[in-house]
Structure formats: structure tokens, C-alpha cells
Participant: 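Structure incoming, see below.
What you see below is based on every heavy atom in this structure, not just the backbone, and it leaves out hydrogens, waters and symmetry mates. Throughout, protein chains are lettered first and strands after them, A, B, ... in sequence-line order, and every chain is numbered starting at 1.
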Amino acid sequence: MEELNLVQAVNRALARAMADDPSVVVLGEDVGRDGGVFRATDGLWTRFGDERVIDTPLAEAAIAGVAVGMAAQGLRPVAEIQFTGFIYPPIDQLVNHASRLRTRTRGRLACPMVLRAPCGGGIHAPEHHSESPEAMLAQIPGLRVVLPSSPARAYGLLLAAIRDPDPVVFLEPTRLYRALREPVDDNGEALPLDRCFVLREGKDITLVTWGATVVETLAAAELLAGEGIAAGVIDVATLHPLDQETIVAAVRRTGRCVIAHEAPLSGGWGAEIAARLAEHAFASLLAPIQRVAGYDTVMPLPRLEAHYLPSTQRIAAAARRAMGFA
Amino acid sequence: MEELNLVQAVNRALARAMADDPSVVVLGEDVGRDGGVFRATDGLWTRFGDERVIDTPLAEAAIAGVAVGMAAQGLRPVAEIQFTGFIYPPIDQLVNHASRLRTRTRGRLACPMVLRAPCGGGIHAPEHHSESPEAMLAQIPGLRVVLPSSPARAYGLLLAAIRDPDPVVFLEPTRLYRALREPVDDNGEALPLDRCFVLREGKDITLVTWGATVVETLAAAELLAGEGIAAGVIDVATLHPLDQETIVAAVRRTGRCVIAHEAPLSGGWGAEIAARLAEHAFASLLAPIQRVAGYDTVMPLPRLEAHYLPSTQRIAAAARRAMGFA
Amino acid sequence: MTASGASLSRFIGPDGLAVAALPDFARDAAELVRLYRAMLLTRAFDEKAVALQRTGRLGTFAVSLGQEAVSVGVAAGMRAEDVFLPSFREQGGQLWRGVTPLELFLYWGGDERGSDFKGPRQDFPICIPVGSHPPHAVGVAMAFKLRREPRVAVCVLGDGATSKGDFAEAINMAGVWNAPAVFVVNNNRWAISVPLARQTAARSLAQKAVAAGIPGEQVDGNDVVAVRATVERAVERARGGGGPSLVEALTYRLGDHTTADDASRYRDDAEVSPHWAEEPVLRLRRHLTATGAWDRAREEQAIAAAAAAVNADADRYLATPAQPRETIFDFTYAAMPADLDAQRRAALGGA
Amino acid sequence: MTASGASLSRFIGPDGLAVAALPDFARDAAELVRLYRAMLLTRAFDEKAVALQRTGRLGTFAVSLGQEAVSVGVAAGMRAEDVFLPSFREQGGQLWRGVTPLELFLYWGGDERGSDFKGPRQDFPICIPVGSHPPHAVGVAMAFKLRREPRVAVCVLGDGATSKGDFAEAINMAGVWNAPAVFVVNNNRWAISVPLARQTAARSLAQKAVAAGIPGEQVDGNDVVAVRATVERAVERARGGGGPSLVEALTYRLGDHTTADDASRYRDDAEVSPHWAEEPVLRLRRHLTATGAWDRAREEQAIAAAAAAVNADADRYLATPAQPRETIFDFTYAAMPADLDAQRRAALGGA
Ligand SMILES: Cc1ncc(C[n+]2csc(CCOP(=O)(O)OP(=O)(O)O)c2C)c(N)n1
Ligand SMILES: Cc1ncc(C[n+]2csc(CCOP(=O)(O)OP(=O)(O)O)c2C)c(N)n1
Ligand SMILES: [Mg+2]
Ligand SMILES: [Mg+2]
């Protein structure tokens, strides 16, 4: 099986989906001849032509809006927003149109579109290129929000997103695009869009995370293992709708939980998960739920960004606090 | 003291701020001669002229962007978005500019603007006119988000918002615009932007809420009192930055909490409050934190909206569940 | 009439007399009567809707009084297989395309089933967020183009909507891609209280097309023959691969913005009055009468027929029970997610 | 050169010879030398920035190679008290207005202090979200207008940015309000990999002004004299109450989009080559040389001086310690909210 990094896995999934289904089209800025600024669409333009791989003018709101129109007509557009910093103009289309076309027409029209965007910090990118707005998107009813953290999961979840009959925002952790490789079987098999991934079992504490922070969380689990603390790790990946069951079941077993994410603490998706646990795992909780997150500040420019991103140390320290709670 | 309803209180605060400070300007669609579709700016155009009360073309993104430019020049623009359903295009300006102008210039430029919008359902309004997106806005670092629930609080908080040196989103519960009157002293006194309002003390359980849902929550507290349950009620009002202290202190005393809001459950601001409590009031919690909220669906059209909005009964039932927890 | 210097397309003047040789369809009196009846139906629908709203049986409603020729004319210029993307004041066009008065009453009465059109299944529902639907038209058009289907997307928006960035983005994209889409601006001179002069300094709205490099033209929006002919030409050009275009139809909003509005706060009667002489129903009646195709008896019969059709559907609307509560949940996704199902069950379980 | 039919303003041709009577400022050789040195400084800055980036000591950077005349010319057409709102490729204009190379290095090196300009205190920081700053220019201009200050807001954006809705909304508002704002499109023919022909079907970008009802004109963006003269005229008209306008400066992006880009993936060398003969530094050098105001010795001295200035600031930049960690928090609000202060204390307390 071929070893791929995350951006290659995204590229394979796109190619596979386009080969399988002529209604899949790709659009966005520089997705054509250039193959995308991160090369996620590399080779697609040559292979599928400029009717199905469409370079757009520089207009994010309309990119999303055009995708809505295409999807209503039964195409399966996969639109790229170059960075999450530019995903805000599309929010109007996502909230007011994409996510509600089905319900407002009682199912007469639907919106099977995907909006892809690289997400998060840690690559020393320019201002406005390192944000993690997943919670802003995940709170939109009628939308799915997915954020994979490995090449194989990116491959399977992107295929699922494209095949899903409803709109999906698919965020890709920029920091992981080329950070790691793993064997990915390009077999066209999708992963379910409503299941968390249990990456590590552990009886003492549950670490819940997603996106690039999965790396630091796994490292923290390893560190804790050395201290005799068995930490489980859950990659939420399919943020909305949420797989509450898997998370609650794990925390019911361990009684302790740390939630780690890169987005600002307040209103981050970690809040939703903590709230679910505070209601549904209440009787099992042995310690306060700890959140380790970006701060409630603007993402700093690169020279200070390492201080902003949740580190292995911060995650491990939160776990120790939870373990130490009487 | 004059009895005013909420929209009149907003109007008085605007007039007062404009009279006190020549740098305050009002802009938005139909805010001038028409006085705003809800009459919030009634009389201002006649009194202050069309240089300070500016009817804009129909372009919400630019309304917010123009306010950013004015604010950077030291004006204090108060921009109106006609309904929260049309506040999504401004989010780009709020996230990428308004909220970060100060930090990205290390304080060289600032953005003392206010973006006002009527918020929420329950008035049988057309499609797209009844949404409650406060959590989407409250998660933006560098921004303040305020949502008053009474005429007096609207008056004092709006004055504070206008005088605040940072950008404030000021949401007004449409359902309460004309629902109730109370004496409002038009004395130019602002209320603090970082304090919750304790509307009712109660030793058994704490009901936390904001906006129009304050009405049903107070009614639920009254209902519960009849059953021998002493429920306190907190109006969060200043959603972000959050006054964690007041809420945590109250729940530490009662050990039980219901959070009620109109926005969809998942990712609502109630999640943030529940998460804070799960961490900082953990040792005092006697029952799972209950959230009563809108559902994770699109706001239904008027014929079904009453089934969507958190009712007095639902809030009271959640409180009873919390009380009944062993 | 037109400040842009471009010529304004018109066939029938305010007095009902032809000012130019009529297009083929308009030489057929039966066809003109069909257009006339469609405008009467629209007006009857609006009247009934306002009556229902005033008595608390319908929500806020946007009348199209005086603008019926734009709405009907645009739809009449399309083929059934084209896709219509209307704003919230295009009931005339929706009715023409087969949306029923019942469906429209349901929609404005706050029932989602009103957008589940049994007729034009692929038409878009009414667009409330002003100017946010032109990009949809581009997407629909690109789907047609990709599939080599000879179909056209037709989007109607207001003069106010031309100030929205989405409109500019959409027509620009349509231009680059040569998308088979036609954008029609229903220029009724007002956006709630904002008159056109405070909406834009552009000399005409048709000229907004220049920024997108597509053709733009003006048409007398009170002349249903001109609207239909102009739109038909634009639509057929798009169908034939000739690309997108923009049509500005000049009309006038004779009524309040909506039932929630009071135009007397910002608009003088003196401004409104002269426009009554220009209005499209009167104009076509004059024309039909002058050409002998119409008389008082037919008029009375037609008005009665329109009212009867509307009243029958109003009764059906009033007799339609609300949807069951669970429909709040049931169309959110194609398949019910476990997480939402839990909420659904809790909601139905009481509490 | 111009496809729009409108005439293209130009004073100095590619061969350095005047093609029209020069404006007053350009008859002063010292002033031309000042402009020339400013372009050299910009080029030296860009070179150094790329060198620092290539050696891992600066972040992604957008060179302005070949576009120096637009950037410098725009700034030179403004007064100090005007406000400049640049996109991310206008270091030439920023340097002219007194932003230091040190500040620019800090910014592109990932340090917020780079936007705390000690010079033009009211200028906007670099705008990265393409096309989102034209509305700010309108707001700034309206503040000037309200306060009766004879000042102008000048916004520079790229050709790609003209496709953004914000741009259309902003120029439309500026038009309605007669705001003292000037919008300059730095048309370098590319938006990353998207050439102008795929960006818009408009015959020119100057014509985008038609949609807003404001004047639009084209200028040869490789002729710094023409850029300055044109912008100066537009700015002075705005200052005098004559309203906003749009200037399209035609130039060419000779380099990659940024240091993260590889233009050879999408652009042939054959397309690029001829543009080297048009580029602005060469052009003004030819002119200065031809008029006897310049020679090889001065050239060498000027290049050395520019490099020295840039290198000195690069050294200062490299010697500047990072800001303390707490500055992540300290400028979020004017006063530190209790809630954020708790996070700040936790962050500083370790863990
Ligand atoms: C994006 C957006 N902003 C504001 C509103 C509120 N609103 C409804 S209609 C309207 C005016 C629309 O004017 P125009 O486009 O000319 O259409 P008309 O009402 O005249 O048919 C406004 C401001 C809205 N529905 N959508
Ligand atoms: C809103 C937005 N979308 C996408 C990007 C990514 N991006 C940066 S520059 C650029 C192209 C800009 O083209 P143009 O406006 O012509 O300016 P130029 O780069 O040529 O100076 C793009 C797509 C961005 N910064 N902002
Ligand atoms: Mg109108
Ligand atoms: Mg460019």
C-alpha cells in the first residue's frame, strides 16, 4: 500500500470521486492549472479538464453560492477556500442557503456540496492564514463539519463528504499536510461521517481532540503512560453532528477528561463536548473537565504562535491536574 | 421616570450618545428618514441630520467595513443590521478586521464601533428573520457581544457599548421590543459591560439565560417557587467576555443549574457556560447541568416556531430533573 | 425615462397604443389575454394576501402592486425546463410557472410546504436575504452547461439588491464563464425607504453589467410585452451559448414595501401619483380594449375568475392543519443523525 | 495597451523618452530622482526580504518586482495627512510614506510591532484578506467628510480583488456619498495563477467604476510619472469635494506571486519576457540618463545606498528579540477583561 501524506490523500480522494462520478466538480481559486496552493488538486485539471476543475475569480461568497446552485441541480461540487481566514464570506451562503435548502423545501431540493479549506496554525503562515474557526461552522444546523487528522482518515472522510447528500465543510489541518505519511489504500472506501475515532485506549483518563492537535495529544498520552497514567485518545474528526455516544461512553469509563483544541477556548467546540459530558457523564465524573485550547485572543503572528497552540506539555499538565483531583 | 419599552430605550440611548458626543454616527439600511424598520432610530435623522444618521445602500458587508474605517479614524459608528439573518456577511469584517485592528497594530489603531441587530424569534416573522447567532459572534476574540433583556438594561448597556473603545455587537431581542415597559431614567448612565445581572436570588437551583428567554425563565422560576423550589435567575446579557465569576459563584451555592437559550443547542453559548461550570464549579455540582435550547435544526417558519423556542414548561421541567437528581 | 443614454425597450405606451411593431407572440390576442389574466391573478393574489395579513391569518407579505408586468413578463420569457430564481416579490412569475396560490399562501403563512412546489420542481424557493441568490443562478447555469442541457437560469432581484457584493461577484463569474444565466433587475425605484438615487450613483442599473463585461439593457417594466420580448431574447441568446446578460426592468412600487411598512413615513403621495398612469394592468387593458380583444364583460368575468381561484386556494390554505411538530427535525438531513434524533425524541416525548 | 477604448495616461515610454509634456513635478530632476530612489529602495527591500525568506529568517513574502512605479507613484500622489490603505504588495508606497524597512521586516517576519508604524500613524496596516479593505477607505473618507477635514483615503488593491463583492459594495457607497476616497487597482495581470482574462470579462478594470457611477481611468503603471500625476489629480479632486474615483494602473507581476509560489507551474516564460522591457525602474533610469540627470556612478551609489539602508534595518530586525509572551493577550482589548486576564495568568504561570 502506498504511503501518502495528508494532502496527497486529499488529492487521491478527489481524483477517485471525480473518476467514479461525473457529477463531481472541483472549483476554487487556483485549483486548476496550478493544482491549488497546497497542491491538493494537483493533476485534476489535466485529467478531468477545465469544465470539471474550475478556476474561479477571487470571490469567496460567490464560490460558495455557485456551489449551492450546482448542488441544487444535482452536481456534487467540491469548492475550495484557500485558507480558513477567507471562509467568513461564505458563512452567509452556508447558513442562509446550503444548510437549509433541504428543510425549507421539505426535501424538494438538496445541497450535496463540500466546502474544503486548510485550517489552523503552526506553519508560520502570514497574518489571517492560521485560524481555526471550526466551532463557528459546526454550530450551523443542517451542515456537517469534518476535520480529519491523518492521511487515511482524510481520504475516507473526504470520499464520504463528497458522497453525502447534504452540505459538508471539510477542514484540513494545514500543519499536518506534509507532517506525516501513512499507508493509504486508494480503494474508494468511505469512512462513516458520524463516528469518532478512538486512537488509543486508556482506563485512567480520556483525552478528546481533533485536527492537528491530535499530534500533541497522542504525544501527551505517551508522556503520561511513562508516568503510569493510561490515557485514551479520541479524535472527534466528525465534529457535527457529534458522536456523543463514543465520547460519553469513554468518559463514563475513565471518569476524567481533557479536551484539547487549537481554536480559542470560549465558544470552541470543546465547550459543546464538555457540556455534553457535564450532562450525560455527570455521575461518572471524578474530576473537573479540563479544556486546553488556544486563548481568547487573535491568533498571534508566527513569532509567538508556538505559545498560542496547545502544547504536549499543556495537555499533559491538564491531565495530571485531572488525575490529581481528589 | 418615564416608562419605556425596549426599542424606545434603545432609541433614547442612541439619542443621548449622539447628543453627548459628536463623533457618534448612526448608519444602516432605512435608519434615516424611516427611523429603522423597528423605529429604533426614530427621530434621529430629523434631530442630527443626514451626515450623522446615514442611510446606506443595501450592502451589509460594506456597512460593517465602513464602520471599521470610521472607527479607525476615531468616530464612534453605530451600524444597524436590519435582522440577524443578514449579519453573516459582516462576520468577515468582524473577525478579520474590527476585532483585531487593535492587537495587530499593537494599539496604534482601534475600532470603537457598535453593530446593532434585532435578534431571535417569536414574532412570526418571515423566513431568515428569527435567528439567534449570538454564539457565532461571541466566539470572536477582541469583540464584545451584548444581548440585553429589559428596557433599562438595553439603555445602559447600549450607552456602554457606544462608549467602549472596542467593537461591540449589540443584539436586541425582537420579541421584547414592545413586549414590556419599565421605568427608564434617561440619565446617560452606562451599565458595566462585564457583569451578569442577578434577576432573582434562589438557593436551590440557578437558572442562567439571556435575551428574550429571560421572560420564560423568570416565569419558570415563579412556577418552581409555587412548588417549593427556590430558583435564582441570572441574565448573562454581556455574553463575551463572560462574567464567569457571578455564574460560578451562584452555582457553587446552589449546586444545580439550568441554562436556557433560544439558539440551537450545539455550539450555543450555553455550551461555554456549562463547560465553565463543569470545570470551575465541579466540586459543588449536585446534578447534571441541564441545557434547554433551540434544537439543532433550522428555525422553523412561524407556524411551528412556538415548538422550537424554549418554553416555560421545558425550562421548569429541566429544573425539576436537576432537583430530582439523587 | 432612461438616464443611461441606452435606449429603453418598449412596445406599448401608457395609453395602450403600440409604439413599435409588436413581436410575434403579441400579435396573438389570445396570448396577450393570457398575459393579462396572469397579471390579474397576481393582483388578486396580492389583494387576498394583504386581506389575510390584516386579519392576522398570514405573515408579513410583500405586494407586487404595479410590478406585475416584470414578474409575469420574465416568467413568460422562459421555458418550462429553465430554472427560475425569484426574490420575494415575484409571485407573478411564480404563479405563471405553476406555483399555486395555495403554495404561496402556505409559504407566507409560515409553512415550509409552501416551498415544496408541485409544479416547477427545480425552481428555487423565494430568496429573502436580498441579493444572495445571483450566485445560485450561476451555479445552476454551470450545471446546465456541463451537462450540455439547453436550459437557462433566470434570477430576478431588486434595485436594492444590485448594491450587494454577491450580485457583483455573480455577474462577474457568469461573464468569465459564459454561463447561461439571465439576471433581471426589477427596478421599482425603492428599497424599503431608500430611493434609487441613494442606492447608487450609477446612471442606470443596466450599466452594472459593464463591470462584468456582459450585455446590459433597459426595458419598460410596465409593458409586459416588452419585458417578455426582452427577457425571451436574452434567455434564448444564453440558451444558444451566447452568454449571460443583465436586464433592468423599470417599474414602480405603488404600494408599501410590505405589510409591515408604512411608506408615508418616507415617500410623498405626490411622487407616487403619476406612476398610477403608467401601471401595467391598466396599460395592457387599454391596449386589449383598443384592439377590440377585450371589453367590460370580459374584464368583469376575468376579475371574478382570478378572485375565485385565489379565494379557493385561500380557503384551502386556511383549512390546512399545521405540520406535525417532528417536521421541525425531519428535513434537516437526508438521514436523521443519531444526535439530532435524540433531540427529536426528547421533543416529542413532551417536556 | 488599453482594451477599453479609453485612453491610457502615459508620459514616459518604455524607451525612457517623454511621449507627452511632463507635469510640473516631473520637470524637476531632483523630484524624479527622489521617485527613482524610492523604487530602488523598494527593489532592494524586496531582494533582501526574499533572501531572508530563502534562508528561513522571514515568513512568506510578496515581492513587488516590476510594480514599483504603481506603489511609489500612488504614495507620491498623496499628502502626508491623507490615509493609505495598502494591500500586501505595496511596500513601495509604505516606504515612501515613512514606514521603515525595519517595520516591514518585522511584519513579514511575524511580529505585530511591524504594523505599529512610527511614521504614518493613521495609515492602515497591510490588508491580507483580498479586497476587504475598500470599505475601510469609504469609512475613513466619511470621517474626513464629516469633520470637514480636507483629507483623502487612498486604497490600493489588486486586479483579483476587483472580483470581490466588498470592492463593488465599497465603490458603490463611495459614489452615493461622494466620499473623498480614491481606489487604485494595481493591475499586474495575475492573481496567483489566475490571469486577468479568467478574472473578469470586463473590457477594463477602470470600467468597473461605471457600476458605481464614479469616474474610472487607466494609467500606464510602469510610468511612475503617469501614476503619480493621475493619482494626484484624483486625490486632489476628491479633496476638493469632487468625489471618489477609480484608477487602474496597468503593470505586470514579473516575479512569483509570493515566495511560496512557483509561477512556472502556470505561466510561460515567453509571456513574461517582453514585460521586462516595460518595467518601471529601467524606464525611469533611461529617462533620467537621457536627460542627463543620471549616470553610472550615481546609479552605483544609489543602489549601494538603498542596499545599505535595507541591510541596516535587516540587521536591526534580526537583532530584535521576540515580544514577550503576554503580548498575545495585552492588546486584545483596551482594558484587560477579567476573563481574559485569567487565561493570561495561567499562560504565564507555566503549563
Ligand atoms: C441581505 C438583506 N438585507 C436586508 C434585508 C431587509 N430587506 C428586505 S427587502 C429590502 C429592500 C430590498 O430592496 P430591493 O432589492 O429594491 O427589492 P424590493 O423590496 O424593492 O422588491 C430590505 C432592506 C434583507 N431581506 N436581506
Ligand atoms: C479573500 C482572500 N482570498 C484568497 C486569498 C489568497 N490570495 C492571496 S493573494 C491572492 C491573489 C490576489 O490577486 P490580486 O488581487 O491580483 O493581487 P496580487 O497578488 O496580484 O498583488 C490570493 C487568491 C486572500 N489573501 N484573501
Ligand atoms: Mg426595489
Ligand atoms: Mg494581481
Participant: Counting heavy-atom pairs under 4.5 Å to chain C, which of A:Asp194, A:Leu242, A:Val25 comes out on top?
Facilitator: A:Leu242

Participant: Measure A:Arg276 against the heavy atoms of chain C and call it side chain, backbone, both or neither at under 4.5 Å.
Facilitator: side chain

Participant: Using modelled atom types and a 3.5 Å cut-off, is there a donor and acceptor pairing between side-chain atoms of A:Arg108 and backbone atoms of C:Lys118?
Facilitator: no

Participant: In Å and rounded to the nearest 0.5 Å, what is the CG to CG distance from A:Leu75 to C:Leu146?
Facilitator: 6.0 Å

Participant: Report the C-alpha separation of A:Arg102 and C:Asp330 in whole Å, then their side-chain angles, then the decisive distance to 0.1 Å, and conclude whether the salt bridge (charged side-chain N to carboxylate O under 4.0 Å, His left out) test is met.
Facilitator: CA-CA 10 Å; A:Arg102 179 184 298 281; C:Asp330 292 349; over 6 Å; no

Participant: Determine the minimum heavy-atom distance between A:Ala72 and C:Phe124, stating which atoms define it.
Facilitator: CB-CZ, 3.4 Å

Participant: Side-chain contact, heavy-atom cut-off 4.5 Å: A:Val66 with C:His136?
Facilitator: no

Participant: List the steps, then state whether side chain to side chain contact (heavy atoms under 4.5 Å, CB included) holds for C:Met142 with A:Gln73.
Facilitator: CA-CA 9 Å; C:Met142 291 304 284; A:Gln73 266 299 313; over 6 Å; no

Participant: Side chains of C:Tyr333 and A:Pro165, heavy atoms from C-beta outward: is any pair under 4.5 Å?
Facilitator: no

Participant: Who in residues 108-116 of chain C is close to chain A, using a strict under-4.5 Å heavy-atom cut-off?
Facilitator: C:Glu112, C:Arg113, C:Ser115, C:Asp116

Participant: Using heavy-atom distances under 4.5 Å, tell me whether C:Phe117 contacts chain A through its side chain, its backbone, both, or neither.
Facilitator: both

Participant: What part of C:Ala334 lies closer than 4.5 angstrom to a heavy atom of chain A: side chain, backbone, both or neither?
Facilitator: both

Participant: Surrounding CD of A:Glu279 (heavy atoms of other residues, nucleotides or ligands, distance under 6.0 Å), is the total greater than 12?
Facilitator: yes

Participant: Using non-hydrogen atoms and a 4.5 Å limit, figure out which bit of A:Asp50 sits close to chain C: side chain, backbone, both or neither.
Facilitator: neither

Participant: Among C:Val83, C:Thr327, C:Leu85, single out the residue with the greatest number of heavy-atom pairs under 4.5 Å to chain A.
Facilitator: C:Thr327

Participant: Report yes if the side chains of A:Leu101 and C:Pro125 come closer than 4.5 Å at any heavy-atom pair, otherwise no.
Facilitator: yes

Participant: Could you grab the distance from atom CH2 of C:Trp177 to atom CD1 of A:Ile54, nearest 0.5 Å is fine?
Facilitator: 6.0 Å

Participant: Against chain C, label A:Ala61 side chain, backbone, both or neither, depending on which of its atoms sit under 4.5 Å from a heavy atom there.
Facilitator: both

Participant: Not counting sequence neighbours, which residues clear side chain to side chain contact (heavy atoms under 4.5 Å, CB included) with A:Ile162? List them please.
Facilitator: A:Leu14, A:Ala17, A:Val24, A:Val78, A:Val114, A:Leu158

Participant: For the candidates A:Leu193, A:Leu109, A:Ile63, which exhibits the highest count of non-hydrogen atom pairs separated by less than 4.5 Å from chain C?
Facilitator: A:Leu109

Participant: Tell me which pairs pass salt bridge (Lys or Arg N to Asp or Glu O under 4.0 Å) where either residue lies in residues 164-173 of chain C, with sequence neighbours left out.
Facilitator: B:Glu60-C:Lys164

Participant: Hey, which of A:Glu51, A:Arg104, A:Arg144, A:Met70 has the most heavy atom pairs under 4.5 Å with chain C?
Facilitator: A:Arg104

Participant: Among residues 83-97 of chain A, which ones touch chain C with a heavy-atom distance under 4.5 Å?
Facilitator: A:Asp92, A:Gln93, A:Asn96, A:His97

Participant: Please round to the nearest 0.5 Å and tell me the distance separating atom OG1 of A:Thr238 and atom CG of C:Asp339.
Facilitator: 10.0 Å

